[in-house]
Amino acid sequence: MECSVAELMAVAMSHELRDDDFAAVGAASQIPVCALRLAQKTHAPNLWYLYGGSGAVNSKSKALVESAADYRNLFGAEYRAPLMDIIDFEFSGRFTLCFFGGMQIDQYGNVNMVCIGDYEKPVVRGPGTVGTVFTSSFRRVVLYVQHHNPRLFVPKVDFLSGPGFPQDAAIERYRPKFSEGPVSVVTPLAIMDFRTPDKRMRLRSVHPGHTVEEVQSQTGFELVVDGTVPKTPEPTAEELRIIREEIDTTGVLRRLIE
Amino acid sequence: MECSVAELMAVAMSHELRDDDFAAVGAASQIPVCALRLAQKTHAPNLWYLYGGSGAVNSKSKALVESAADYRNLFGAEYRAPLMDIIDFEFSGRFTLCFFGGMQIDQYGNVNMVCIGDYEKPVVRGPGTVGTVFTSSFRRVVLYVQHHNPRLFVPKVDFLSGPGFPQDAAIERYRPKFSEGPVSVVTPLAIMDFRTPDKRMRLRSVHPGHTVEEVQSQTGFELVVDGTVPKTPEPTAEELRIIREEIDTTGVLRRLIE
Amino acid sequence: MANRKSKLCSLKEALDGIGDGAKIMAAGAHFNNIPMALVRELVRKRVRGLELIPTPSAGLWVDMLIAAGSVSTVHVSYIGMEFLGLAPNFRRAAESKSIAIDERDEPTIFHGLRATGAGLPFVVLPPIHKMTDLPSVNPKVYKEIQDPFTGETAIAIPPLSPDVALIHFAKCDEYGNAVSAGGRHMEDIIAKASKRVIISAEQIVTTDEISATPTQTTLPGVMVDAVVHAPYGCYPGTCPGLYAYDRTHLEEYYELARKNRTQAYLDKYVYGSDGDAALLAAIPEGRLESLRIV
Amino acid sequence: MANRKSKLCSLKEALDGIGDGAKIMAAGAHFNNIPMALVRELVRKRVRGLELIPTPSAGLWVDMLIAAGSVSTVHVSYIGMEFLGLAPNFRRAAESKSIAIDERDEPTIFHGLRATGAGLPFVVLPPIHKMTDLPSVNPKVYKEIQDPFTGETAIAIPPLSPDVALIHFAKCDEYGNAVSAGGRHMEDIIAKASKRVIISAEQIVTTDEISATPTQTTLPGVMVDAVVHAPYGCYPGTCPGLYAYDRTHLEEYYELARKNRTQAYLDKYVYGSDGDAALLAAIPEGRLESLRIV
């Protein structure tokens, strides 16, 4: 079955979720929201999830709204978490998985949401770090972005707002014991991970219609490539059916990424 | 009009309340609860009050229940404060007045709720300090007890759980700037305060039917007496009517103190 | 598609795995909303050496577990029987030193739990405890620290982490989404700080009933490990919004406790029964109905 | 018996006393529940040099006040327009250094407010910020401190105290007892930390309506200083449970802002009007009705 890139990404991200996860997403997160709902409806019926701004836990909204903060996410939810709960869960390791984006991501999984260029004289002032510090305290972090190019994937972030894997043991010791850090990166071209001795980013799979060379050329640093890189599995017909009939009934993900 | 000692105490305590107060009471507090409601219905219509255990703010219950923690206090309340609010208000000075009791009270207004005798070998183990540390951080504290005898009013408390006026500047400096400390002590015999140069307890008024000598003989330390001690004013007919018709409709305060 | 796993189980199953020396916290304030069905099952379990972490205002459940011989240490803020008087078994045990006391108070217990639940290493309070005798009898808990912003003295207290929390609700679903009819007191604070959370409820309802009003859920099931259906689970205390405390029964407990005869109470109402069957059968006809709040 | 004083007043009266340089906090998350009627009145007041303390996820109101020239400093966790993109006026002002930025993040703003609201001298966080560049660009806020219980390194942050908090509710009474239809987000945290609390509401109801369900009151009136009746007070944002955001209007704002023509927006919709009259009159027929959530 034909599927859109956003649908492919959502399905790939749903495979990162486990049955015992308590996962969280922030603002403007239609792809991760779809991933969460799909996982709960397939292999992870005991998954719990929270949408940041609205505090909705286990929302059953039948349409992907533009904003995770939208009150309408409370439809069918089992709890309305105030911000205090969310921050408590973030610090204490109760959230086992979170999806995060970034303006820049570097080869060690560090994330930047603050600025492009020098902090004192930024070329682009970003929105701010929000909760990206918690990439160090969610048990697992899945990074995802809607673009894949060398401006986004840089050798070293201009401002480190979300910790990946510091190459300095004196910094790494500040990571809580329960945290594994970033476990994968999902983009419109490929999936990457950090299963390398020095935690450098590795190409795990390339999406159908794309090549290793293309992914490498769109990445601002050298990706680790272990032998032959597999194709990212395409969504099954059943996965696509669930997405289109039960989760994304208005077809947001079919139009999201051009 | 004939009134009971508990009614007299409640009326005296209501006179301690101001129109701009936010007052709190803890457990088993029928007299202070009556004082709060009476004040709100007479000279302090803008008074706000909270009953500890139930979290009821501005309860309009028409009967004095045995427990401030009783859910039934939520009748007519305007808010249900979780414990977090209560502790936040206690530390931050938002509560302007609180009524407190004690197993022992000494001449400087220190309160003991922990033990009689040596802490390591107590003769009586009390319930514990609960929130008596906050006698130092409510803006004003009114102490009240249902007995007045030398075992309760002692020269020095065996365990200091609720601070009165430390005679040591090094300790006094820990008091928050907004706190005035204990402002009065209401008992079945008399009203005392601390309007003395060294903050020793002073006899402010003696209840009808009792004498200065009797109060002094029932107190385990010397009370400061400034000239002629006035009689505690008796409740007005209107105050008693409001208590009996609108607050204590089951007559708890007429039976409370023998 | 797999099925969602129910957390519903029996009283006995819920308390499985609580061993000697566990740190136990039960919710409630005075006689309000105490999880007595779960506490009675804990008495029946005859574990030993428990460390109790009561809420800032507790009594009955602590006193009963002390009488049952299950307790070695109690964290104390207020242990008493409110309008009835002191807690007799607690008082005897404390005076005879048969239990150890970890002397704290309301804000120390609250903020200690907050530290764990919020993932904070410790909590800093204003220095008002320095005006009391508390720091001198419990110096391991109250540590002086300097405010790095003002240079002033403050008090640091450590995180408090119960092994098991016991909480009762008016209703919940089989996944642990729970509702207090009397509004939230500190159920969330307790659950966040505890390694294992066991809840009981008067009524088990559908998840649809819960998700019809998600803003009224007091505790989300994601924080709950086991769910027990326990009607009259707060008895002889109050279950907010549903029934009031039974003063006659509380006085019976209190008088026996004062005379150091709590064992007779436990024999009659707690031991030798599967769950609360003996207790509910022993309550005089009509008593339970008379306590119900319409 | 005297009468209880109403706190009800006009938009103008409510903001009386806010002078140049005040520290202002407005509630809301992204386009949800932002007190836009109060913010628009603040724009009309033409105060200068405000220090804005936004919630962890803010945008529109900050961007608008920057465009109006009222702002000197912004505490930043997230300032953006969520699904629309970056906040244009914020971005320009930050890049050109016409405003100062106090770089923080979600937990720093939250726990800074908690410190003030809870009466704590400061708050100690686990050292995860040491893994980021935040402490190096804002060393006055992130101070290293040693845990007196474990000897480990931790991060101390100072209390955060807005002079004025602006919050919108679905309904409230004239004494300030207020209800969020979408459940509590952090209205209590904001109010406790702020010296003055100004609220607006879609509907002013009787106190009897509030006290019929006291467990559903989001903020008690004792923490509120002024109450304003402001229908469509969140517009063009969402008022949870009542109406959705107006995407067309938000895009109009965003496009003008991107072109550095926010002044035209303010002239059309904010200035030269008594309260929100101009705005509400300018919205196309039927638009408001179409946003209402049944």
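For clarity, every value in this text was computed on a predicted model and none was experimentally measured. Quick note on labels: first sequence line is chain A, next is B, and so on, each numbered from 1.
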Exercise. Under the side-chain contact (heavy atoms from CB on, under 4.5 Å) rule, what do D:H111 and A:F91 come out as? Steps first, then yes or no, please.
Key: CA-CA 12 Å; D:H111 280 294; A:F91 267 125; 3.9 Å; yes

Exercise. Could you tell me whether the side chain of D:R91 and the main chain of A:V124 form a donor-acceptor pair under 3.5 Å?
Key: no

Exercise. State the CZ-CD distance between D:F83 and A:Q30, to the nearest 0.5 angstrom.
Key: 9.5 Å

Quiz prompt | Toward chain A, the part of D:L125 with a non-hydrogen atom under 4.5 Å | solution = side chain

Quiz item: So which of D:I189, D:T132, D:L86 has the biggest tally of heavy-atom pairs under 4.5 Å with chain A?
Solution: D:T132

Practice problem: Check each atom of A:L74 against the heavy atoms of chain D and say whether the ones under 4.5 Å are side chain, backbone, both or neither. | Solution: side chain

Quiz item: Is atom NZ of A:K121 surrounded by more than 12 heavy atoms (other residues, nucleotides or ligands) closer than 6.0 Å?
Solution: no

Quiz prompt | Atom group of A:E120 that falls short of 4.5 Å from chain D, counting heavy atoms | solution = both

Self-check item: More than 12 heavy atoms from other groups under 6.0 Å of CZ on D:F149
Solution: yes

Quiz item: Side chain, backbone, both or neither: which part of A:D70 has a non-hydrogen atom closer than 4.5 Å to chain D?
Solution: both

For residues 50-59 of chain D, tabulate all N or O donor-acceptor pairs below 3.5 Å that involve a side-chain atom, not counting sequence neighbours.
from: D:E51; atom 1: OE2; to: D:H75; atom 2: NE2; distance (Å): 2.8
from: D:T55; atom 1: OG1; to: D:G28; atom 2: O; distance (Å): 2.7
from: D:T55; atom 1: OG1; to: D:S57; atom 2: O; distance (Å): 3.4

Quiz item: Hey, which of D:G80, D:A29, D:P107 has the most heavy atom pairs under 4.5 Å with chain A?
Solution: D:P107

Exercise. Answer yes or no: is there a side-chain heavy-atom contact under 4.5 Å between A:P163 and D:I128?
Key: no

Exercise. Tell me, for D:Y245 versus chain A, whether the close heavy atoms (under 4.5 Å) come from the side chain, the backbone, both or neither.
Key: side chain

Quiz item: To the nearest 0.5 Å, what is the distance between CZ (A:R72) and CG (D:N32)?
Solution: 9.0 Å

Quiz item: If you measure from CG on D:L242 to OH on A:Y71, what distance do you get to the nearest 0.5 Å?
Solution: 8.0 Å

Quiz item: Can you tell me how far the OG1 atom of A:T129 sits from the CD atom of D:E106, to the nearest 0.5 Å?
Solution: 9.0 Å

Self-check item: Heavy atoms of other groups near D:R287 CZ, more than 12 under 6.0 Å
Solution: yes

Exercise. Sort out for me which of D:K130, D:H185, D:M186 touches chain A most, counting heavy-atom pairs under 4.5 Å.
Key: D:H185

Quiz item: So, for A:G128 and D:E103, which heavy atoms are closest and what is the spacing to 0.1 Å?
Solution: CA-OE2, 4.2 Å

Quiz item: Hey, mind stepping through D:R184 and A:R80 against side-chain contact (heavy atoms from CB on, under 4.5 Å) and telling me if it holds?
Solution: CA-CA 8 Å; D:R184 178 185 278 174; A:R80 197 292 187 213; over 6 Å; no

Quiz item: Do the non-hydrogen side-chain atoms of A:Y119 and D:I101 ever get within less than 4.5 Å of each other?
Solution: yes

Exercise. Assess whether atom NZ of D:K97 is packed by more than 12 heavy atoms of other residues, nucleotides or ligands within 6.0 Å.
Key: yes

Exercise. Would you mind telling me which of D:L134, D:T108, D:T238 has the largest number of heavy-atom pairs within less than 4.5 Å of chain A?
Key: D:L134

Exercise. Would you mind reporting whether D:M131 and A:E172 have side-chain heavy atoms less than 4.5 Å apart?
Key: yes

Exercise. Give the member of A:P127, A:G131, A:P82 that has the highest number of heavy-atom pairs under 4.5 Å with chain D.
Key: A:P127

Self-check item: Side chain, backbone, both or neither of D:R247 within contact of chain A (heavy atoms, under 4.5 Å)
Solution: side chain

Quiz item: Does A:V130 reach the side chain of D:S77, with side-chain heavy atoms less than 4.5 Å apart?
Solution: yes

Exercise. Measure the spacing between CD of D:E152 and CZ of A:R173 and express it to the nearest 0.5 Å.
Key: 7.5 Å

Practice problem: Return the minimal non-hydrogen interatomic distance between D:E82 and A:S67, and the atom names on each side. | Solution: OE2-OG, 2.8 Å

Exercise. Examine whether an atom of A:I87 lies under 4.5 Å from a heavy atom of chain D, and if so say whether it belongs to the side chain, the backbone or both; otherwise answer neither.
Key: side chain

